[in-house]
> 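Just passing along the structure, written as structure tokens.
Proteins come first, then strands; the chains are lettered A, B, ... in the order of their sequence lines, and each starts at number 1.
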Amino acid sequence: AQSVTQPDIHITVSEGASLELRCNYSYGATPYLFWYVQSPGQGLQLLLKYFSGDTLVQGIKGFEAEFKRSQSSFNLRKPSVHWSDAAEYFCAVGANQGGKLIFGQGTELSVKP
Amino acid sequence: DTGVSQNPRHKITKRGQNVTFRCDPISEHNRLYWYRQTLGQGPEFLTYFQNEAQLEKSRLLSDRFSAERPKGSFSTLEIQRTEQGDSAMYLCASSLSAGFDEQFFGPGTRLTVL
């Protein structure tokens, strides 16, 4: 069965520091992978997605993610975090051609001044 | 178009009551999804529609849950005989077509069952 694991429930980084959020997936075939961000009172917003091709994908707000098939990982990175990046981040895998998404439990990011 | 809208944003009900939520997708989006999110967890898939056809239902969707999308536009999710375990955020998303087009999420309806 498909699944997504985000090992870190909560991460705190200083403003201006780099960020890496971990995501591991379990899926039999080539996965469709996504990162979403959820701010309080806001809907989930897509940051980036990987379907195929270049394993380093660029997203909005300066985020990028790297797909590593050998490690079943799709980690999200940002070189310099801003206070406005504080939010909940969800990694997801597309389960089948129907478009259904399976989400990890999320990582809450706090940003210290 | 201002995105996916959901109503109401909050609903408090007593156990045993029926509740209905509405989702208005982005116009021209053929796919509509319902997810449920409990505190500290990621969203869990409930069901999805391609136009007016309901194509898949999660086993999370017990007999007390029913979803419709008449005419392939807005959708409703009804929960009958609510239980305290139904307390959650109910999220709706829509996408343009089949496959993995970006899903645009609404703000959700927060249900509290007393």
Side-chain angles (χ1 to χ4, degrees), chain A residues 1-10 21-27 29-53 57 59-60 67 74 76 87-108, chain B residues 1-10 23-26 29-51 53-61 67 88-110:
Chain A
Q2 303 92 352
S3 65
V4 176
T5 301
Q6 294 180 246
D8 305 306
I9 295 174
H10 189 205
L21 302 182
R22 297 184 291 164
C23 172
N24 293 97
Y25 67 89
S26 172
Y27 190 67
T30 300
Y32 296 83
L33 295 162
F34 307 80
W35 274 100
Y36 279 84
V37 60
Q38 187 177 39
S39 300
Q42 305 292 317
L44 287 154
Q45 181 182 25
L46 181 67
L47 288 175
L48 48 79
K49 61 186 178 184
Y50 170 78
F51 285 4
S52 64
V57 293
I60 62 172
F67 170 61
F74 188 56
L76 182 71
E88 186 102 27
Y89 291 81
F90 293 96
C91 181
V93 63
N96 54 41
Q97 289 304 312
K100 174 176 71 176
L101 297 178
I102 295 175
F103 287 85
Q105 72 178 86
T107 298
E108 183 180 358
Chain B
D1 194 297
T2 56
V4 179
S5 62
Q6 294 187 245
N7 289 287
R9 294 290 305 275
H10 303 273
C23 171
D24 287 89
I26 295 172
H29 276 195
N30 298 318
R31 285 282 174 103
L32 188 147
Y33 302 82
W34 285 99
Y35 294 85
R36 181 174 68 185
Q37 185 178 21
T38 54
L39 201 60
Q41 301 297 317
E44 296 174 294
F45 169 80
L46 292 179
T47 188
Y48 84 90
F49 293 83
Q50 173 76 26
N51 299 313
Q54 188 174 19
L55 297 185
E56 186 175 351
K57 293 194 295 186
S58 164
R59 64 178 183 274
L60 293 175
L61 216 64
M89 178 76 84
Y90 290 84
L91 300 171
C92 176
S94 69
S95 67
L96 188 59
S97 63
F100 289 105
D101 283 344
E102 178 178 352
Q103 292 183 27
F104 293 83
F105 282 79
T109 294
R110 180 167 296 284

> Go through the atoms of B:Arg9 and report whether side chain, backbone, both or neither lie under 4.5 Å from a heavy atom of chain A.
side chain
> Please classify the contact between A:Gln38 and chain B as side chain, backbone, both or neither, with a heavy-atom cut-off of under 4.5 Å.
side chain
> Treating B:Tyr33 as the side-chain partner and A:Leu101 as the backbone partner, does any N or O pair qualify as donor plus acceptor under 3.5 Å?
no
> Looking at B:Gly40, B:Pro43, B:Pro107, which makes the most heavy-atom pairs under 4.5 Å with chain A?
B:Pro43
> Between B:Gln103 (side chain only) and A:Gly99 (backbone N and O only), is there a donor and an acceptor less than 3.5 Å apart?
yes
> For B:Tyr35, is it the side chain, the backbone, both or neither that has a heavy atom under 4.5 Å from a heavy atom of chain A?
side chain
> Using heavy-atom distances under 4.5 Å, tell me whether B:Gln37 contacts chain A through its side chain, its backbone, both, or neither.
side chain
> As an exercise, state the distance from CD of B:Glu102 to CD of A:Gln45, rounded to the nearest 0.5 Å.
8.0 Å
> Please identify each residue that fulfils salt bridge (charged side-chain N to carboxylate O under 4.0 Å, His left out) with A:Arg22, with sequence neighbours left out.
A:Asp8
> Using the ring pair (Phe, Tyr, Trp, His ring centres under 6.0 Å) criterion, which residues pair with A:Tyr50? Sequence neighbours excluded.
A:Phe67
> Can you tell me if CD1 on A:Ile9 sees more than 12 non-hydrogen neighbours from other groups inside 6.0 Å?
no
